[in-house]
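Here is the structure we will look at.
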Amino acid sequence: MAIHIYNTLSGKKERFEPLEPGKVNMYVCGPTVYDSSHIGHARSVVVFDVISRYFKSQDYDVTYVRNFTDIDDKIIDRANQLGIDSRALAKKYIHEFYKDMDALNVERASVEPKATEHIDRIKKIIGTLIQKGFGYQIDGDVFFAVDSFKTYGKLSGRNLEELEAGARVDIDKRKRNPFDFVLWKSAKPGEPSWRSPWGMGRPGWHIECSAMSSKYLGESIDIHGGGKDLIFPHHENEIAQSEAAFDKPFVKYWIHNGFVNIDQEKMSKSLGNFLMIKEVIKSYHPEAVRLFLLSNHYRSPIDFTEKAMEEATSGLDRIYALLERAQKKTGLSPETSGFKMGEYWEGFCKSMDDDFNTARGIGVLFNAVHKLNRLLDECKNRLSTDTRTTLQSAYIDILKMGNIMGFLVETPGTYFEDKRYKGLERDSIDQAIIEKMIEERTAARKAKDWAKADQIRKELGKRNIILEDRSEGTIWKVGR
RNA sequence: GGCGGCAUAGCCAAGUGGUAAGGCAGCGGUCUGCAAAACCGCCAUUCACCAGUUCGACUCUGGUUGCCGCCUCCA
């Protein structure tokens, strides 16, 4: 079964055939580091993290490049505002990005290059573009002439005439065409700058990706990704630059993820409703965030709401509860090596092969959870060899699916313990008191003093403590 | 104005030209001292609306309505 990908360039799902068999070269636009990362960044990064993991699981040799834009107008503006050095600002937010993404269990990309470390290569490409007649210099600025690139607009499905009709771009009279974009920008006094044949300046936004992508992955690559908003103009401009400079198709498959809305509204500066990752993971388990982000198809918009997050949390609890139950009852081990993947893994792969349909994949995961719970209910005492094999197979499938989607990495014990601890902290509850009350209740139950037992449970309920009487003993958890 | 997307049960959400995955919530039951958890059963004769193609469409085509995104920095 081959992987099929929706390619923005063709507007269709296409069978994935890498340029070089068995290898995947993938470039994803990373953040401009002038502020903390928000939940929208999380979606993009998580989606491509899962795509990369899935390719690896299908035995592809993946080279994944995700850049940092660490020189840019916004960074300079913000740094000036704060009265600090723009390099220090960039460094700070790169550090924060890693902190957030580590918390979300995002794997590091193969290469994570920074624009400022590739200035020479950027200048070289700009030189080539000027020499080939695609770029022109005015004062200290260098522009790309969109009219010189015949297929300009092929990614976003626009043409220059249409664009001009509804033009709302800033009018720079020096440009030959309003849509010409800057390759090299002259520096104002005090701004970070590099020496160049066109004077002191810095790279334009788009050119860095052409430079870094070609350096680490080659002049033609398999996959280039990013948020939907990057299609125009950023990715359109990247195509123009790269193809004009190298005379080769730049990217075979373009993948774009949809937005995250907050309570049905787009995150925007005017609404001030940017939801930062560091804030979200204070309230919700990072794995629940991943489960939530992957519960819709990556191209669809997804609405971040408290309700949706609570549902994701319930779902995650359900899976961990099953894993715990399975381990305790049967001694199934999380060791996956040496076991063949079963029907659920197969179903999961089928979903993933269809344009990385994680939403369907999660359905398969819950089917497996359900099946295991049922089997565990049915055989209360002894397990037949057949049942055991079935159990082990489904169990490993679940872990493997979790591994691709980047959750279920904790042991159930740790997961629930951590959850209790956080709940206690949040509600300022004293654990010793809770446990003492539970002991009293256990004694009352032993004495068949149901009235007292129920009274204690009621008391605990008032403190948001929920009990479960299991055969091995009573366990407790903190409610939401 | 141009380009693109979406409309599936109370909510979220997959989906194939052949008759609607999954999750959350709800209801009935099993289990339990009672609960909780888990399990069993129920929960869209119907997929915005109207035409058309077809033996047959939620799935294809055309139109209508509604919502959203991009076109300006943005994941």
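Protein chains get the first letters and strands the later ones, always in sequence-line order, with residue 1 at the start of each.
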Classify the nucleic acid contact of [X] as base, sugar-phosphate or nothing, counting any heavy atom under 4.0 Å across all strands shown.
X: A:N373; value: sugar-phosphate
X: A:L230; value: sugar-phosphate
X: A:G30; value: nothing
X: A:A308; value: nothing
X: A:R325; value: sugar-phosphate
X: A:K74; value: sugar-phosphate
X: A:R78; value: nothing
X: A:V260; value: base
X: A:H370; value: sugar-phosphate
X: A:G226; value: sugar-phosphate
X: A:T305; value: nothing
X: A:G227; value: sugar-phosphate

Hey, does the Lys NZ or Arg CZ of A:R299 hover above the aromatic six-ring of A:Y6, less than 6.0 Å from the centre and inside 45° of the axis?
yes
Within 45° cone of A:Y98 ring axis and under 6.0 Å: A:R108 NZ or CZ
yes
Taking [atom1] from [X] and [atom2] from [N], how many angstroms apart are they, rounded to a whole number?
X: A:I39; N: B:rC74; atom1: CD1; atom2: C1'; result: 16 Å
X: A:H235; N: B:rC71; atom1: NE2; atom2: P; result: 13 Å
X: A:K419; N: B:rA37; atom1: NZ; atom2: P; result: 14 Å
X: A:F292; N: B:rC11; atom1: CZ; atom2: P; result: 18 Å
X: A:D35; N: B:rA75; atom1: CG; atom2: P; result: 10 Å
X: A:D469; N: B:rC34; atom1: CG; atom2: C1'; result: 9 Å
X: A:F304; N: B:rC11; atom1: CZ; atom2: P; result: 21 Å

Whole-Å [atom1] distance, [N] and [M]:
N: B:rG29; M: B:rC60; atom1: C1'; answer: 45 Å
N: B:rA75; M: B:rG5; atom1: P; answer: 23 Å
N: B:rU19; M: B:rG4; atom1: C1'; answer: 31 Å
N: B:rC31; M: B:rC40; atom1: P; answer: 15 Å
N: B:rC34; M: B:rG41; atom1: P; answer: 23 Å
N: B:rG15; M: B:rA38; atom1: P; answer: 27 Å
N: B:rA9; M: B:rG22; atom1: C1'; answer: 14 Å
N: B:rA21; M: B:rU59; atom1: C1'; answer: 15 Å

Establish, with yes or no, whether the OP1 or OP2 oxygen of [N] is under 4.0 angstrom from a side-chain nitrogen or oxygen of [X].
X: A:H297; N: B:rA14; answer: no
X: A:N257; N: B:rA75; answer: no
X: A:R318; N: B:rC39; answer: yes
X: A:N357; N: B:rG15; answer: yes
X: A:S300; N: B:rA14; answer: yes
X: A:H38; N: B:rC74; answer: no
X: A:R374; N: B:rA38; answer: no

Is any NZ, NE, NH1 or NH2 atom of the basic residue among [X] and [Y] found under 4.0 Å from an Asp or Glu carboxylate oxygen of the other?
X: A:R290; Y: A:D49; answer: yes
X: A:K307; Y: A:E311; answer: yes
X: A:R374; Y: A:D377; answer: no

Could you pick out which residue, A:R43 or A:F232, lies toward the 5' side of RNA chain B when each is mapped onto its nearest nucleotide?
A:F232
Given RNA chain B, 5'-ward residue of the pair A:K371 and A:G11, judged by closest heavy atom:
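The residue whose closest nucleotide sits nearer the 5' end is A:G11.
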Is there aromatic stacking of A:F366 on B:rG22 here, judged by a ring-centre distance under 5.5 Å and a plane angle under 30°?
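Given the distance and angle limits, no, they do not stack.
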At less than 3.5 Å, do the side-chain atoms of A:D229 and the base atoms of B:rG69 form a donor-acceptor pair?
no
Classify the side chain of A:R457 and the base of B:rC34 as holding, or not holding, a donor-acceptor pair under 3.5 Å.
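Between B:rC34 and A:R457, which were checked side chain against base, a qualifying N/O pair under 3.5 Å is present.
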Candidates B:rG23, B:rG15, B:rC34 - which lies nearest the side chain of A:R360
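Ranking B:rG23, B:rG15, B:rC34 by closest atom to the A:R360 side chain puts B:rG15 first.
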From B:rC11, B:rC39, B:rG33, nucleotide with atom closest to A:D377 side chain
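Shortest atom-to-atom distance from the side chain points to B:rC39.
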Nearest 0.5 Å please: distance from the CD1 atom of A:I465 over to the CD1 atom of A:I456.
14.0 Å
Have A:T69 and A:E208 got a donor and an acceptor in their side chains that come within less than 3.5 Å?
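Yes, a side-chain donor-acceptor pair sits under 3.5 Å.
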Check each of A:F48, A:F55, A:Y253 against A:F356 using the ring pair (Phe, Tyr, Trp, His ring centres under 6.0 Å) test, and report the only one that passes.
A:F55
